[in-house]
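Note: hydrogens, waters and symmetry copies are ignored here, and every other heavy atom, side chains too, is used. Convention: sequence-line order gives letters A, B, ...; per-chain numbering from 1. Quick caveat: nothing in here was measured; it's all calculated off a predicted structure.
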Amino acid sequence: MTYSPSFRRFAFAYGTANAVFYVVALARDLALFTVFPSLGVVLLGTHHSRDVGDPSLGFLAPAIYWYGWTATAAIGALIPSFIATFFPEQWTRRIWLGWLWVVPVSAMVACVYLTMPWFRL
Amino acid sequence: MATALVIIHGLVAVALLGAITHQTLATWAPAGSRPGSFFGRFRAVPSASFTNAIVVLYAVSALLGAVVYLFFRVDVRPELERDGHWQALGFFDLKEHFISIGLGLLPAYWVCWRKPLADELGRTRAALTAVIALIVWWSYLTGHVMNNIMGFG
């Protein structure tokens, strides 16, 4: 199986864009949807328990945001990736390939920073 | 149901861990290893042949993990919160984040390992493989600890 140059541009743009979008979704709490597994309910957007009732409801109806953040990043990254497929080959050849791993590693470091509150409890 | 899924998730993760570790070490190991030595034989295996398996195993493992996460969020995490395992929960959150970032990297990783291997992608290929290996190892160890934490505690 082989691949076309436009798929290569798509794949490289998608890897970096997904990492950036994921960190933005996490930092800004932009979940495409929120899942309440104990209730069997899925709501569009980010919904915290305190939005609709007593904060203690968070223990009764725990929410999952990870699916929503992942979906936000995965779908959001499609836009720049599709745009990248239309770029001429000579443009993309000038872009440093190292961004393909530097950006995701930086995103992982940003995730560590955003997760630090857990370690201060 | 949840127990069966966790066991299958764990088995898929072990297969993924073996494949990505082999590919990463073969990619990063120095080329001057003696032909008959352990590393020499280890390195002789064509690394590219692992690529499709790694992509499929990563995707399947992430999918199974996402399903198991439903049970974890309802039945396990509240117990861990009650017992104050905040650091473990932090490590587990990192696992979620890393996996999502790794999922997005799979198409680029696949392209980098397509034959004939492009010379200009050599460093990128090695770096991407190492990043995915880091994610897989982190996820495996964190998942393993979380699975046993109440036994430890």
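Among the candidates A:T115, A:V105, A:V35, the residue making the largest number of heavy-atom pairs closer than 4.5 Å to chain B is A:T115. Ranking B:Y109, B:F71, B:F98 against chain A, the residue ahead of the rest is B:F98, based on heavy-atom pairs under 4.5 Å. Counting heavy-atom pairs under 4.5 Å between each of B:A66, B:A130, B:S100 and chain A puts B:S100 at the top. Residue with the most contacts toward chain B among A:P37, A:S81, A:A77: A:P37 (heavy-atom pairs, distance under 4.5 Å).
Only one option out of B:T124, B:L121, B:V111 pairs with A:L100 in a side chain to side chain contact (heavy atoms under 4.5 Å, CB included); it is B:T124.
Linking Ile, Leu, Val, Met, Phe, Trp and Tyr residues whenever their side-chain heavy atoms come within less than 4.5 Å places A:V23 and A:I75 in a single cluster. The same ILVMFWY cluster, assembled from side-chain heavy atoms under 4.5 Å apart, contains both B:L105 and A:W96. Both B:L106 and A:F82 are assigned to one and the same hydrophobic cluster, defined by single-linkage of ILVMFWY side chains at heavy-atom distances under 4.5 Å. Both B:W137 and B:I99 belong to a single network of hydrophobic side chains, linked directly or stepwise wherever heavy atoms of I, L, V, M, F, W or Y lie under 4.5 Å apart. Cluster membership for A:Y113 and A:V109, using ILVMFWY side-chain heavy atoms within less than 4.5 angstrom, is not shared.
Using a 4.5 Å cut-off between heavy atoms, A:A107 contacts chain B through both its backbone and its side chain. Contact of A:L26 with chain B is made through the side chain alone, with heavy-atom distances under 4.5 Å. Only the side chain of B:I135 comes within less than 4.5 Å of a heavy atom of chain A; its backbone N, CA, C and O stay farther away. Of the atoms belonging to A:V102, not a single heavy atom falls under 4.5 Å from chain B.
Remark: A:W101 CH2 is loosely packed, at most 12 non-hydrogen atoms of other residues, nucleotides or ligands lying under 6.0 Å away. When the shell of 6.0 Å around CH2 of A:W66 is examined, it contains more than 12 heavy atoms from other residues, nucleotides or ligands. Heavy atoms from other residues, nucleotides or ligands lying under 6.0 Å from CH2 of A:W91 number 12 at most.
B:V131 places a side-chain heavy atom less than 4.5 Å from the side chain of A:M108. Taking 4.5 Å as the limit, some side-chain heavy atom of B:H97 sits within range of a side-chain heavy atom of A:W69.
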Which side-chain N or O atoms in residues 89-96 of chain B pair as donor and acceptor under 3.5 Å with protein atoms at least two apart or in another chain?
from, atom 1, to, atom 2, distance (Å)
B:D93, OD2, A:W118, NE1, 2.8
B:K95, NZ, B:S139, O, 3.3
B:E96, OE2, B:Y69, OH, 2.8

Begin with the C-alpha distance, continue with both residues' side-chain angles, and end with the deciding distance and a verdict on side-chain contact (heavy atoms from CB on, under 4.5 Å) for B:L70 and A:I64. CA-CA 8 Å; B:L70 291 165; A:I64 294 177; 3.9 Å; yes

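Chain A is approached within less than 4.5 Å, heavy atom to heavy atom, by no residue from residues 18-26 of chain B.
Listed by chain and number, the residues in a ring pair (Phe, Tyr, Trp, His ring centres under 6.0 Å) with A:Y14 are A:F10 (sequence neighbours excluded).
Residues A:Y67 and B:V67 approach most closely at OH-N, 4.5 Å, considering heavy atoms. Here the shortest heavy-atom pairing between B:R73 and A:P62 reads NH1-CB, 3.2 Å.
The OG1 atom of A:T16 sits 12.0 Å away from atom CD1 of B:I101, with the distance rounded to the nearest 0.5 Å.
In the hydrophobic clustering (ILVMFWY side chains linked at under 4.5 Å, chained through shared members), B:W28 stands by itself.
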